[in-house]
Structure formats: C-alpha cells, structure tokens
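One structure below.
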2 protein chains.
Amino acid sequence: MKNAVGRDIPEEILQATGKDVFRGSHAMDGKEFRRDGARVKPVINSEGSKLLPSIKDALLKCEIKDGMTLSFHHHFREGDKVLNMVMEEVHKLGIKNITICASSMGSQNNPIVYMIDDGTITNIQSSGVRGEIGKAISEGRLQGLAIMRSHGGRVRAIESGETHIDIAFIGAPTADEYGNLNANGGKANCGVLSYSAPDALYADKVVAITDCLVPFPNWPHQISQIYVDYVVVVDEIGDPSKIATGAAKPTSDQRKLLMASYCTEVVKRTPYFKDGFSYQTGVGGASIASTISLADVMRERNIHMSFGVGGITKPMCQLLEEGLARTLVDTQDFDEYAIQSAATNPNHHYITAGEYADPFNKGAYVNKLDFVILAALEVDVHFNCNVVVGSNGVVSGAQGGHPDTAAGAKCTIVITPILQGRIPSVCTDVTTVTTPGEDVDVVITDYGIAINPKRQDLIDALKDSGLPLKSIEELRDIAYAMTGEPERVQFGERVVGIIEARDGSIMDVVREIKPFQFAD
Amino acid sequence: MKNAVGRDIPEEILQATGKDVFRGSHAMDGKEFRRDGARVKPVINSEGSKLLPSIKDALLKCEIKDGMTLSFHHHFREGDKVLNMVMEEVHKLGIKNITICASSMGSQNNPIVYMIDDGTITNIQSSGVRGEIGKAISEGRLQGLAIMRSHGGRVRAIESGETHIDIAFIGAPTADEYGNLNANGGKANCGVLSYSAPDALYADKVVAITDCLVPFPNWPHQISQIYVDYVVVVDEIGDPSKIATGAAKPTSDQRKLLMASYCTEVVKRTPYFKDGFSYQTGVGGASIASTISLADVMRERNIHMSFGVGGITKPMCQLLEEGLARTLVDTQDFDEYAIQSAATNPNHHYITAGEYADPFNKGAYVNKLDFVILAALEVDVHFNCNVVVGSNGVVSGAQGGHPDTAAGAKCTIVITPILQGRIPSVCTDVTTVTTPGEDVDVVITDYGIAINPKRQDLIDALKDSGLPLKSIEELRDIAYAMTGEPERVQFGERVVGIIEARDGSIMDVVREIKPFQFAD
C-alpha cells in the first residue's frame, strides 16, 4: 500500500507490525490515545536500600527472561560502556530473543554484534545504527525487525505502550543509593539524561548503573528515585572524550562556509528572524559555521534568541554566555564544553526527550521552533530526506531529531553539499525516506538554494535577495551532470527494517542488501 | 469486617467502594500493580496556542459533563481562589454529580457549600475538610461519600487509576502560553506546586489558571507544557497572606515549650540523631519550638541534618541558611518566608507529592525519614491517632502527610497536650483512626512521655534519661482523672465518609452526626 510519500509498504509488513502507512505529518493531530502504565512494585518499606552488588544481580532481581525488551540511552555516544556491559551479562545467563530499545546505537556497540548471530538479540529499536550492527541488520542477520525511530517517535512508542520496556538500564554519572540520578558531578559526565526520562516513567523495572555513588539525596537530579528499582555501581560507565568524536569542530572547508553564509542570508530574510526567535542546529560543520555567522547578524540588529534547542554544541553555549540566547533547552550534549555548560550555566536547562520532540504529548518544544538547520545524506525532488541508509544501501545513520524538528519548525532548512564524495545528494528519489518533504522548506547546497514550492511566503521573502535560487530539479540536474545519473542501490526482497514516522506509521522499509549486479 | 486497628468496616461500604479492610501499613509492600494512563490528545500542530479567554471556555473545550471528576490543589490554603472560581462556572453550566478530588479543602471553600445541597457536588475526595463543607459532610448532606486520604494516598489513588481525573485545574503563580507552570515569580506565589504533579501526569485534561502570564519558555518550571492542555488568565488565583493563617508562630505557651523540650530530649537520645539525620516537623507551636531547641543541640554537637522534609516553615529555612540542614525537600510552604526560600535558596528543592509520600512508587522521601514530629487531636492506648474528626464528631481536620510520615519515619513522635480544651487527648479509643498505632513510636504530652511497647530499642535508649516516662494507659488515666471519662460522641447509622489508609484500604468510617442523647 502506498503511503503519503509514495512508498509502497508491503502488506505483510503492515500485518506483522500492526502499523498503518504514513498519512502525513499531522494526520494524528488531536487523535486521542491512552498512555501506557508500567507494572510497579511499591516500596513501602523504610529499611531497604536499592544497591545491588552487580549487573547480574540486577538482572536476576528483575527476573530477566527470554523475549524481554531492554532499554538504553546513548548520551555517551561512542564512549558508552553500559549497553555492552549489560548485554554481556544477559548473554552469560543464556537469555535469548531480546529486543533492544535504545535511543541510538553506534560503532561502540560493535563488540556485541555476535549476539545478533547467536539469537541473543533478535529485534532492535533505535534512532539509527552505525557500524557492525548496522551492517548485520542490512545483511539480514537480525532474526526480527529493526525499527528506526526519531527521538520523539521513541517517546511516543513507549508512552503509547507500542513498546513496553521490561527493564530500562540508565547509565548515570551520579546516583545515590535510592536512585536519584544526575548527568553531572561524577567521574564521567554527559550533561543530560533526557533520553532516559520516558524509560524511567514507563519501564516496569529501572536499573541505574553508575560509577559515582553520592550521598542521599543527590541534588539536583534528572531522574527521580520514585522511578528507580535498583542501583549498581561499576568501574566505568562511559568515556566523555568520545562524545564529540567526529563532530562539532569549526570548519575551514570553503564549500561548507559558502553554504553557511547562504543559510545565514536565508534566515535573516524570513519573517521569523526577529527578537525572541527560536533556533536549533545540528553538529555538521556547515550548521555550526552558520550559527557563528548568524550571531554577527544578531549583534548587528540587536536580535536575541528566546531559546536554543538541541543537540547542544559549544557555539550555542557561547551564544548563551554572550546573552544572545536567553535560554538553552538541552536533550543532548555534543561536546565537553556543552556538558560543562549544562552543569553550571543557570540558563542552560535539562529537558526530557518527550519535552523536546514527542509528537503525542500536549505540545513539545519542537512545535515552538522557528528555525531548524539540518543535514541529510540525500534529498530528493519531493524534498524528502534520507538520513539513515547510506549510498551503499547499508543502515549507517540515525533519524535523531531530524523528522521531529522538521515537522515542528516554521522554517526547516536542510544543508547538504550537492555531492557527497562522488554521489549526488540531490536526487530524483531518495534511497529511503526518513523525513517527509512536506516538512522541508529550504534546501541549501554549494550550487544553489531550492525552496519548497508550497512555501510561497518564503519564495516571496527571498526572491530579490540575490541568492542563487534554483528549483530542486535544477539542483538535481547539476548533480547528475557532474556524476551521471547514479544506478540505484540494488536490494534483496527481504525487509530487514522499517523507518517509522513520528506517529508510529510506516514511512519506508529497509531491505536486505545484495551484491550489485550489472545489467546485461 | 474488623481491620488491623480493630475497626469494624460495614460490609455494604466494602461492597460499595470495592475496597479491602486495612491489613497493616506494610501489607501491600512489593505487591505489583499497573499504573493508570491518561487519555491524551496529541498536539502535533506547531501553530496552536493553549490560551483560552475564560474558565467557561476551558470547561467547554474539555467537554465538561455530569459525573466528571475535577481536581484541585490547596497550596494557597485559606487564600485559594481557584477551586471556588472554577466550581462557580461549573454550576452556571448546570453540571451535576461532580466528584471533587482536591489535595485539601478548608473554610476558604465555604462559599460553595450550596453546591453540595443542590447536587452539583456529590462526592468529595480530600486530605480533609474544614469549615462548612466538613459540617455538610458530617450532617449527611453530601449525596455520595467523602473519602479522606493522606497526601501520599492521594497520589496512589490517582496513579493506580482508582481515581481517574477527568479535568485537573492547576492554579499557577506563573504560566507561559504553552503551559509551563511555576509557583514563584508571579503576583501571588505559593512556593511549590507539588500536589498538582500527579494531577498533571494522570488527568485526561489539564487546565492551568494563572494571574501572571510570562514569556515562553517559563523557567524554571515545576509543571511541564507536555502535560497541560489549556491556559486561562484570571485576575487573582490566591492570596498568599492567608497561607500562614493560624499556624507557624513561635510559641510562648509554657505547656508547649515543656513538650518541645521533652521532644528534643527524646530525639537527641535516639541512635538516629547523628550527623546526616533527616527530619520533618509540622506547623504546631510545640513542633516548631522543638525544631528551634533541637538546633541548639545540633550546634553543640556539630551535627547536621542531611535533609529536612515538609511542610516547610521559617525555622526550617533558617536551619538551611545556617548550614545546619544541607537540603530541604519541599511539598508545601506554610509561611511567606518559606515561599521566598523556595524561590531563591539553591538548596531548597521542589519535590512532587509522589516523591514526598506515595506508598505505591519505588520509594518516597518519607521512607528515608529518621524523625517526624507530629500533632494529633486524639491518641489512644493502642497509639492510634485521629487527626480528622473533631471531638464533636464533625469532620474538621486533615490527614495531610500524617500517616505517610508516621509509616516512613524510623522514629515517629506525636506531641499533644493531655487535654485539648476540656477534652482528653489521650483516650481508650480514638473517635476515628487516621494513623495506625503500629506507626507511632513516642507520644509526648505535658504530663509525661509514652513509648510504644513494640519499640524496646527506644525504651532502652530513654530509660535512664530522667524524662517522665509513663505507659500510654497511665497518660490516659491522668487525663481521665482530670475530666472524668468522656461520653463517646454519638453518631447516626449512615456512613458519610471513609478514612482511607495510605494503600487504599479502609482504616475507619465516619458516620453522620446526631444530636447527643443522654442515657435514661
């Protein structure tokens, strides 16, 4: 059955998942649902401590068994040690058929790829998957299905009960013995615990894993004792120096600086750029460069940001310090500067993943965004974006907050160089749709800028700007003229994963890769 | 059927309520239940504001109808204006058969007593009820049943789904147009919004009522936008000067000062009085005096409180300022000094009513209490306390956190003068049991101190103290010797209310009052 972005979703996948096809970003607006409820064992006893001597003890106390769903957060990104550590213990107990519900996974999880092959892990739900796990999924080695969800979509899945977490594991930079958890003040800090907030609320069992036990009560805390069953102390939960790996450095790449200057020129000409505007940007070099150049315009015009959202990086913190941003609301820190700011700056605030981006609550921060500056692996002539499946057909990226912020922001800008390596970024049809074109307003490349035709207001605002405005088809043609029209990636028949829309419907499917076969 | 405190609970009440009899304070420890889930209408739309022009509009948007359950908080105590204001609009719409689920009600609600008589309000769930509403209940004028719950018990009722709130109304000292609410920074502040936290989480619809709209995003906030459907601005939500009415003044009453000194002598001789101890006290003159005299011992011995809980008053804030208390965790402010402290002292922390006292979550602060100092209208020879039904048989008090803290604290001390007016406070059987004797360790009167026989450890710790230790029966006898044994209050047959235990079982029933009849 074809969905609202023209993708044909196989009947057997709709049946197997019980899901509907994607019917548009706002199809579920105002459609009542009932929130899920965790199964809780009350702690009335005033004597108990929640400390347990090991992860194994916690698994046994939580009555781990085959088929359970275990959840994890990825605030330590490539420095995370908790997911692997827990899964090693699950594996030692001989448990099979586990569903992992992680806020994201990456190459830090390469060491547990063998658990896919031996049936310990049979389903994966994540924002995305990089590294060996992504390869295993794309090679069809996961027995079940991979579900790729946005950060907001993950909260929706959990609170609606679609994903019921049996045991949530929360790596906590500090914890007290009664389970008050914080992201700062420990040996290894990650700034915020936002992605764990829905897990704490909706999981039956919640296990905190820390390497820094502090006296009760741990203040401030981001996760409350009332949601935590057990606390385990280990040697090391994460390596914060690996949080910023490969991201968030100021760029000197002329192509990126050009796109950044285009972005600033676009932003400052829209009606939303006025005192009190709100703003989110990613961690790509061009995004960060555009934040820095936008700051010059803000100083010049005495315009202040009411709040910045993120995904926070050093340049955003510097806007806050300078007073150009009044507040930062933070669901993830992308560098150690941002972690330090989250811990110390009174105007740098922790928000939960639900507050950030959940499409099913009574209104998330993304709904209040004026601008979001995003990247993409591919954008097509329908303005659909792909941020998950690489040009080789392998799952190697993550939805993150891309579809959430794109849907919420009044002006969604996607920056991408017209070629990524030798592959066109602007194309006729993206390999896999992750963010629908209806939510993408402006595409900025190093060869010109395309505005979504449905945004006549933005076209009017920019038509006399002198900027190199082009149609999205013209951008595609420029790309194809340089590389030739690329052959499409060839996939096998088996569906190995789905790209879930924010509201839980199916945006696209991901199929097994197969060796490329040339036409006769 | 007789319960664990010997009260006979009529079968028809067990059947009508579906409740069990009270089987002991820890009977439900570890008994799994499933949390309730609110019915939510997602707000995906990025255009909407949540502002509505009037309470009537909010009622209509929430589809108010006969038989609904509406909830309210009482942080403004006698200065609250929101409950009456909302109910007047409900009444104007001709709605009938409303259940009010309030964290407490008092004489500020006298103006709406006519709504009991005309069937607008047919059920009341509250910590307690003072004034005209209490009188109406005791006179049998409420068509349904009054349920008196502790602050922790209220959270349990809501999260377990026993009470499903259709519309929660939250009087908010500040709000932004998207529903981020705070208790400070407005025209009329109340320090914390703790009692509203479960309402926000579990009510289908949540309406914020404010008299101070602030720019988005309102930071810090205690209730998040993700739980709020609508925001209404009114002229005045409350009068903070009436929060402290009749409470919390330092006493010069020699009888109270004597009991306070007894209390300090008891506390300092227990093994729990050491650096890092935790402490809660009420607002009675003797309680406050004992906090002040305990501080002298703390200074002398260089002992610090790790955290104080409350129900916060000025003397507790002064302990914090002096560094004698490291932290205050706050669910209610009893004077304007405490409100100011909550707004400004970084070690004075907001906690939710669930974090404070809920017996059904994974561990509340009351479980971590070393000492709680409480008052009571009556204590009997089984150490049972009554804090709800006055000596005339009329509902005129509130459970508050009494049963919660008594159950949680390692040392629960009840201070009461041996006579209240001309009525004995220590008696053979309390009129109505609100806190079970198993949770009361020490009773301090102006005529001596009784220790619960099951606490041999405390008896040993105090036996050589020189304090006037007596058995509870001796204290009763002293009281009766002064007044004679009082005739018991005479009730009619009809059960007009129940005293609910923390875990939802029935501790006692409250019957209709009737004119006193002398024996022939």
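The shown structure was predicted, so the numbers you read here are calculated from the model rather than taken from an experiment.
Looking at every heavy atom in both residues, Asn45(A) comes nearest to Asp29(B) through CB-OD2, 3.0 Å. Scanning all heavy atoms of the two residues, the minimum distance from Arg35(B) to Leu201(A) falls at NH1-O, 2.6 Å. Closest of all the heavy-atom pairs between Lys31(A) and Pro42(B) is O-CD, 3.0 Å. The shortest non-hydrogen separation linking Glu355(A) to Ser224(B) is OE2-OG, 2.7 Å. Of all the heavy atoms in Ala203(B) and Lys362(A), the pair that sits closest is O-NZ, 3.9 Å. Of all non-hydrogen atoms in Asn361(A) and Ile226(B), the two that sit nearest each other are ND2-CG2, 3.1 Å.
In terms of the side-chain contact (heavy atoms from CB on, under 4.5 Å) criterion, residue partners of Ala208(A) (sequence neighbours excluded) are, by chain and number, Leu181(A), Val228(A), Val231(A). Remark: Asp441(A) pairs with Arg455(A) by the salt bridge (charged side-chain N to carboxylate O under 4.0 Å, His left out) rule, at least two apart or across chains. Partners of Tyr230(B) by side chain to side chain donor-acceptor pair (under 3.5 Å), not counting sequence neighbours: none found.
Proximity to chain B among residues 153-169 of chain A is limited to His164(A), judged by heavy-atom separations below 4.5 angstrom.
Val40(B) is not listed as a side-chain neighbour of Glu32(A), based on a closest heavy-atom distance of 4.5 Å or more.
Among the candidates Gly30(B), Gly152(B), Gly276(B), the residue making the largest number of heavy-atom pairs closer than 4.5 Å to chain A is Gly30(B). Ranked by heavy-atom pairs shorter than 4.5 Å toward chain B, the options Ser306(A), Ala364(A), Ala409(A) are led by Ala364(A). For chain B, the option among Tyr227(A), Phe33(A), Phe360(A), Tyr202(A) with the highest count of heavy-atom pairs below 4.5 Å is Phe33(A). In terms of heavy-atom pairs under 4.5 Å with chain B, the best-connected choice from Gly354(A), Pro217(A), Gly408(A) is Pro217(A).
Within the 4.5 angstrom heavy-atom criterion, only side-chain atoms of Asn180(B), from C-beta onward, approach chain A. If you measure heavy-atom distances from Tyr350(A) to chain B, the contacts under 4.5 Å come from the backbone alone. Interface remark: Val329(B) contributes side-chain atoms only to the contact with chain A (heavy atom separation under 4.5 Å). For Ser25(B), the part lying near chain A is the backbone, with the side chain staying farther off; criterion is any non-hydrogen pair under 4.5 Å. For a residue to count as touching a neighbouring chain, one of its non-hydrogen atoms must lie under 4.5 Å from one of that chain's; by this rule Asp204(B) touches chain A with the backbone only.
Judged by distance alone, with hydrogens and angles left aside, the side-chain atoms of Arg34(B) form no donor-acceptor pair with the main-chain N or O of Ala38(A) at under 3.5 Å.
The distance from the CD atom of Gln225(A) to the CG atom of Asn367(B) is 8.0 Å, given to the nearest 0.5 Å.
Using a cutoff of 4.0 Å between basic side-chain nitrogens and carboxylate oxygens, Lys368(B) and Asp176(A) are not scored as salt-bridged.
Under a cut-off of 6.0 angstrom, the local environment of NZ in Lys454(A) is crowded, with over 12 non-hydrogen atoms contributed by other residues, nucleotides or ligands.
In this structure, Tyr178(A) has its ring center no closer than 6.0 Å to that of Tyr365(B).
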Residue pair Trp219(B), Phe307(A): steps toward the side chain to side chain contact (heavy atoms under 4.5 Å, CB included) verdict: CA-CA 11 Å; Trp219(B) 277 103; Phe307(A) 64 98; over 6 Å; no

